[in-house]
Novice: 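Sharing a structure with you now.
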Amino acid sequence: MSEARLEAILRRSEPLMQVLRTLVRLDPPDWLVFSGAVYQRVLNDLTGRPLDYGIKDYDVGYFDGSDISYEAEDVVIQRVAAAFDPPLREMVEVRNQARVHVWFQDHFNEPYDPLSCSAEALGRFVSPLFAVGVKLDAADRMTVHAPFGLDDLFAMTLRPNPDRRSPNYEKIAAAAKARWPEITVLG
């Protein structure tokens, strides 16, 4: 039920569906759209805001462990960017999940073990509410990845990831609460 409800909300966003359908055509390896591109639309829908309120980017994760250099990642970034016109060209942010461990600690001051696939990244998100990814297949069927389920998202409950406590949780939770005062933040 929750997955069907999530899909119904997401399919109403024309920009998100354009991103998903373009990715189906480009087919980077093991790709997902996740983070704010997904959960923010649900929070917007549940709180009566316009569906695309506050959407700043579309996080696209793909997984290619055959070459984790920045140069190889940049080839994919440029290929995906070229498939979009502005403003989506500047909003679609592509990252090879096979190389996140290379830069994550320097950027976020947290250790990050290597991943084995894109969906595995969701289990490391700061909160279960954020840990949702989707993709389409060539038949326009949507697959949802949510390692913690969708209950927190639809209950608008922000809590720490039970498997990984981020030192940045309080800051991230405060920013989410400022955008959606209706959410419940648990410590």
Side-chain angles (χ1 to χ4, degrees), residues 1-46 50-69 72-101 114-155 161 163:
M1 169 59 184
S2 296
E3 285 188 14
R5 186 176 177 198
L6 173 71
E7 181 174 349
I9 292 167
L10 299 181
R11 284 190 180 273
R12 291 192 348 253
S13 171
E14 289 181 28
L16 175 60
M17 293 308 298
Q18 182 181 347
V19 169
L20 289 168
R21 290 183 176 127
T22 300
L23 289 166
V24 168
R25 183 172 49 81
L26 296 174
D27 199 27
D30 185 24
W31 67 271
L32 287 174
V33 173
F34 47 51
S35 202
V38 178
Y39 78 80
Q40 288 183 15
R41 287 188 164 86
V42 174
L43 293 178
N44 289 340
D45 187 69
L46 295 174
L51 208 53
D52 296 324
Y53 163 79
I55 301 295
K56 295 180 181 166
D57 57 35
Y58 294 81
D59 289 314
V60 177
Y62 74 96
F63 191 92
D64 182 357
S66 68
D67 184 346
I68 63 167
S69 70
E73 180 182 58
D74 193 52
V75 168
V76 177
I77 290 169
Q78 297 306 320
R79 180 173 166 250
V80 172
F84 293 100
D85 292 324
L88 287 177
R89 179 176 297 149
E90 293 77 27
M91 295 175 74
V92 176
E93 296 187 0
V94 180
R95 296 294 176 265
N96 184 359
Q97 300 303 294
R99 71 179 303 276
V100 173
H101 67 280
L115 298 168
S116 62
C117 65
S118 290
E120 189 180 356
L122 297 168
R124 304 211 189 148
F125 280 31
V126 170
S127 172
L129 184 147
F130 301 149
V132 183
V134 297
K135 74 178 292 181
L136 289 181
D137 66 17
D140 205 49
R141 291 179 299 243
M142 187 175 289
T143 301
V144 175
H145 295 271
F148 302 103
L150 297 171
D151 292 347
D152 282 1
L153 178 58
F154 283 103
N161 180 330
D163 300 330

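As the structure is a computational prediction, the values presented were derived from the model and not from experiment.
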Novice: Hey, what do you get for CG (Leu6) to CE (Met142), rounding to the nearest 0.5 Å?
Specialist: 7.0 Å
Novice: Do you know the tightest heavy-atom contact between Asn161 and Phe148?
Specialist: OD1-CZ, 3.4 Å
Novice: Taking all non-hydrogen atoms of both residues into account, name the closest pair between Val38 and Phe34 and its distance.
Specialist: CG2-CA, 4.0 Å
Novice: Counting C-beta onward and ignoring hydrogens, is there a side-chain heavy-atom pair between Val19 and Leu88 closer than 4.5 Å?
Specialist: yes
Novice: Could you grab the distance from atom CD1 of Ile9 to atom CG of Leu16, nearest 0.5 Å is fine?
Specialist: 11.5 Å
Novice: Can you see which heavy atom on Thr22 is nearest to which on Gln18, and at what distance?
Specialist: OG1-O, 2.8 Å
Novice: Please determine whether side chain to side chain contact (heavy atoms under 4.5 Å, CB included) holds for the pair Val94 and Arg79, giving the CA-CA distance in whole Å, both sets of side-chain angles, and the decisive distance to 0.1 Å.
Specialist: CA-CA 10 Å; Val94 180; Arg79 180 173 166 250; over 6 Å; no
Novice: Could you check Leu115 against His101 for side chain to side chain contact (heavy atoms under 4.5 Å, CB included), going step by step and ending with a plain yes or no?
Specialist: CA-CA 8 Å; Leu115 298 168; His101 67 280; over 6 Å; no
Novice: Would Asp151 and Ser2 count as a side-chain hydrogen bond (donor to acceptor under 3.5 Å, both in side chains) here? Give the steps.
Specialist: CA-CA 8 Å; Asp151 292 347; Ser2 296; 4.5 Å; no
Novice: Rounded to the nearest 0.5 Å, what's the gap from CZ on Arg41 to CG on Asn44? Could you check?
Specialist: 8.0 Å
Novice: Looking at Tyr58 and Ala37, what are the two nearest heavy atoms and their distance?
Specialist: CD2-CB, 3.8 Å
Novice: Measure the CG-OG distance between Asp30 and Ser118 for me, rounded to the nearest 0.5 Å.
Specialist: 4.0 Å
Novice: According to salt bridge (Lys or Arg N to Asp or Glu O under 4.0 Å), does anything in residues 91-100 pair up with another residue at least two apart or in another chain? List the pairs.
Specialist: Glu73-Arg99
Novice: Which residue pairs pass the salt bridge (Lys or Arg N to Asp or Glu O under 4.0 Å) test with at least one member in residues 4-20, sequence neighbours excluded?
Specialist: Glu7-Arg11, Arg11-Asp140, Arg12-Asp45
Novice: Identify the heavy atoms of Ile55 and Met91 that sit nearest to each other, and give their distance.
Specialist: O-CE, 3.6 Å
Novice: Looking at every heavy atom in both Ala119 and His145, which two are closest together, and how far apart are they?
Specialist: CB-ND1, 3.9 Å
Novice: Mind checking the CG-OG spacing from Asp57 to Ser35? Nearest 0.5 Å is all I need.
Specialist: 7.0 Å
Novice: Identify each donor-acceptor pair in which a side-chain atom of residues 120-135 lies under 3.5 Å from a protein atom, sequence neighbours left out, and give them as a table.
Specialist:
unit_1	atom_1	unit_2	atom_2	d
Glu120	OE1	Ser116	N	2.6
Glu120	OE1	Ser116	OG	2.6
Arg124	NH1	Asp113	O	2.4
Arg124	NH2	Asp113	O	3.4
Arg124	NH2	Pro114	O	3.4
Ser127	OG	Leu129	N	3.2
Ser127	OG	Arg159	N	3.4
Ser127	OG	Arg159	O	2.7

Novice: Check whether any side-chain heavy atom of Pro29 lies under 4.5 Å from a side-chain heavy atom of Phe63, and answer yes or no.
Specialist: no
Novice: As an exercise, state the distance from CG of Asp64 to CG of Asn96, rounded to the nearest 0.5 Å.
Specialist: 5.5 Å
